[in-house]
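Quick notes on the structure that follows.
The figures that follow rest on heavy atoms only: side chains count, while hydrogens, waters and symmetry mates do not. On a predicted model such as this, the values are computed, not experimentally measured, just so you know.
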Amino acid sequence: MARRNKILVPEAREGLDRLKAKVTNAETPEAAKFEAAKEHGIPLNNGYNGQIQAKDAGKIGGRIGGSMVKEMVKMAQRELNKKQ
């Protein structure tokens, strides 16, 4: 699947992929979307998934992205607490 989201710092891709796998408790970043889909009961297949509704796709991506942002905020708070 082609990636449409362009990250600002391309070197950060590997770290973002690791974070994605971590927050979804998946073994690989590619498995993260399947874990999120499974949690919501959305049937997701390898390859083309044109049959799923946009709101279901948003549930999958939103779950992953929201969890990543929450984890990044926690990490930043820990770093700030260390410096104080």
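- Glu79 meets the salt bridge (Lys or Arg N to Asp or Glu O under 4.0 Å) test with Lys82; sequence neighbours excluded.
- Closest approach of Lys20 to Pro29, counting heavy atoms only: CD-O, 3.6 Å.
- Here the closest non-hydrogen pair linking Ala12 and Ile7 is C-CD1, 4.1 Å.
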Exercise. Apply side-chain contact (heavy atoms from CB on, under 4.5 Å) to the pair Lys38 and Leu44, showing each step before the final yes or no.
Key: CA-CA 8 Å; Lys38 187 177 172 183; Leu44 190 68; over 6 Å; no
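- Scanning both residues, Ile64 and Lys33, for their nearest heavy atoms gives CD1-CA, 3.7 Å.
- The 12-atom threshold is not exceeded at CD of Glu14, counting heavy atoms of other residues, nucleotides or ligands nearer than 6.0 Å.
- Shortest non-hydrogen contact noted between Ala26 and Ala31 is CB-C, 3.9 Å.
- Partners of Lys22 by salt bridge (Lys or Arg N to Asp or Glu O under 4.0 Å), not counting sequence neighbours, listed by chain and number: Glu71.
- Using a 4.5 Å cut-off on side-chain heavy atoms (C-beta onward), Phe34 and Ile60 make no contact.
- Residues passing the side-chain contact (heavy atoms from CB on, under 4.5 Å) test with Ala57 are Ile52, sequence neighbours excluded.
- Between Asn45 and Gln51 the shortest side-chain heavy-atom distance falls below 4.5 Å.
- Contact detail for Met68 and Leu16: the closest heavy-atom pair is CE-O, 3.6 Å.
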